[in-house]
Chemist: 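I have a structure here, written as structure tokens, and I will follow up with some questions on it.
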Amino acid sequence: MAAKEDLQLLGLAVSPFAIRVRIALNLKGVSYENLEQNLMDKSELLLKSNPVHKKVPVLIHGGKPICESLVILQYVDEVWTAAPSILPAEPYNRAVARFWAGFVDDKLFPSMVGILKATTEEERAAKVSETLAAMGKLEEAFAERASGKPFFGGDSIGYVDLALGSTLIWLEAVRRMFGVAFIDAGETPLLAAWAERFREAEAANGELPDADIAVEFGRTLQARWAAASAAAN
Ligand SMILES: N[C@@H](CCC(=O)N[C@@H](CS)C(=O)NCC(=O)O)C(=O)O
């Protein structure tokens, strides 16, 4: 039976950054209170807990806020040390895992969001190419890092799996909106098989909402960006 913790997560069902934290907490068998946030009308608790970025997720442990999803994953791994480990034990492998998780957040995700934000077909095509190129790099990284094992983290979901796996609903949403597949059995066979395993993993069960919810959210974001850009011109 998991210990009852004084633990709250300020999150959002479709946020990839919150999804990775929820799956990490499931992996560790830690129970927490999920406090769904409305980003169009931010709560006092969110503003007070993450005054710098004012973003979800925030994990509040014993009243103390921890911000930034990758920082939260490391915190979770350090506080709840029972297996499975999220980060590898060996320093070089830890560094490489941090590198690839950073790559997901700094390259893959912004390129993919760029597809939603693009205002011309040329701009959109350039962002699609960037996203495909980033995915190609991740396919190569998987071949090298997993070396025949099911996950980047080896036998169980680890840091890079959480970083990339949490973006799956958005990759699928963008596929539904624009018809481009970023993970597919022809181009990225290793990641295609990995994505299936990730979705079916017990810890991910129920944490990856249907991509149609992300499609709807994506359309709302597109409308907001268009309105903001019209107001600025
Ligand atoms: N680097 C942050 C990104 C978090 C993030 O972008 N959260 C979005 C939701 S997916 C958010 O809260 N946005 C609110 C805003 O930008 O005002 C992390 O890893 O936690």
Side-chain angles (χ1 to χ4, degrees), residues 7-27 32 34-61 64-79 86-87 97-117 127 131 134 138 152 157-174 177 182 204 207-229 231-232:
L7 195 64
Q8 295 86 35
L9 177 65
L10 309 188
L12 181 74
V14 291
S15 163
F17 308 103
I19 289 171
R20 60 179 64 155
V21 174
R22 299 201 298 268
I23 299 177
L25 291 167
N26 292 348
L27 274 175
Y32 63 96
N34 190 48
L35 301 174
E36 187 77 359
Q37 300 296 297
N38 174 2
L39 296 183
M40 312 296 166
D41 181 17
K42 292 179 182 170
S43 69
E44 278 307 311
L45 183 58
L46 176 60
L47 297 174
K48 183 179 88 178
S49 307
N50 189 352
V52 175
H53 297 302
K54 306 176 177 65
K55 291 184 177 187
V56 296
V58 180
L59 186 69
I60 306 178
H61 188 201
K64 291 188 283 189
I66 305 109
C67 303
E68 286 293 313
S69 61
L70 293 179
V71 174
I72 298 173
L73 296 186
Q74 296 181 41
Y75 180 84
V76 166
D77 206 26
E78 284 165 12
V79 172
I86 291 174
L87 275 153
R98 289 187 177 116
F99 173 87
W100 285 113
F103 181 83
V104 169
D105 282 11
D106 299 341
K107 282 274 180 221
L108 178 81
F109 197 70
S111 311
M112 196 206 64
V113 171
I115 300 171
L116 288 172
K117 279 190 167 168
K127 291 295 166 189
T131 310
L138 285 158
F152 283 92
I157 287 178
Y159 197 60
V160 185
D161 300 287
L162 291 167
L164 183 59
S166 57
T167 69
L168 285 174
I169 72 155
W170 280 95
L171 292 166
E172 175 56 20
V174 172
M177 292 169 86
F182 299 100
E207 304 299 358
L208 293 166
D210 187 274
D212 277 346
I213 303 174
V215 168
E216 202 179 309
F217 201 84
R219 296 216 164 102
T220 308
L221 287 175
Q222 280 186 306
R224 287 183 89 206
W225 290 324
S229 128

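Each residue takes its place number in the sequence, starting with 1. Counting starts at 1 for both ligands and their atoms, in listed order.
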Chemist: For ligand 1, output the ligand-protein N/O contacts shorter than 3.5 angstrom; if there are none, return none.
Modeler:
residue  : atom   : partner : partner atom : Å
ligand 1 : 1 (N)  : Glu68   : OE1          : 2.8
ligand 1 : 1 (N)  : Glu68   : OE2          : 3.4
ligand 1 : 7 (N)  : Val56   : O            : 2.9
ligand 1 : 12 (O) : Val56   : N            : 2.9
ligand 1 : 17 (O) : Lys42   : NZ           : 2.4
ligand 1 : 19 (O) : Ser69   : N            : 3.3
ligand 1 : 19 (O) : Ser69   : OG           : 2.6
ligand 1 : 20 (O) : Ser69   : N            : 2.9

Chemist: How far does NZ of Lys107 sit from OG1 of Thr131, to the nearest 0.5 angstrom?
Modeler: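 Interatomic distance, Lys107 NZ to Thr131 OG1, rounded to 0.5 Å: 11.0 Å.
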
Chemist: Can you give the donor-acceptor pairs under 3.5 Å from side chains of residues 213-229 to other protein atoms, not counting sequence neighbours?
Modeler:
residue : atom : partner : partner atom : Å
Thr220  : OG1  : Glu216  : O            : 3.0
Gln222  : NE2  : Leu116  : O            : 3.0

Chemist: Check the orientation of Trp100 and Phe103. Use parallel for under 30°, tilted for 30 to 60°, and perpendicular for over 60°.
Modeler: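 Aromatic pair Trp100/Phe103 classed perpendicular.
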
Chemist: What is the distance from atom OG of Ser15 to atom CD of Glu36, rounded to the nearest 0.5 Å?
Modeler: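 The CD atom of Glu36 is 9.5 Å from OG of Ser15, to the nearest 0.5 Å.
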
Chemist: OH/Tyr75 to CD1/Ile66 distance, rounded to the nearest 0.5 angstrom?
Modeler: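 If I round to the nearest 0.5 Å, the distance is 4.5 Å.
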
Chemist: Could you tell me the separation between the CG atom of Leu12 and the CG atom of Leu35, rounded to the nearest 0.5 Å?
Modeler: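 Between atom CG of Leu12 and atom CG of Leu35 there are 12.5 Å.
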
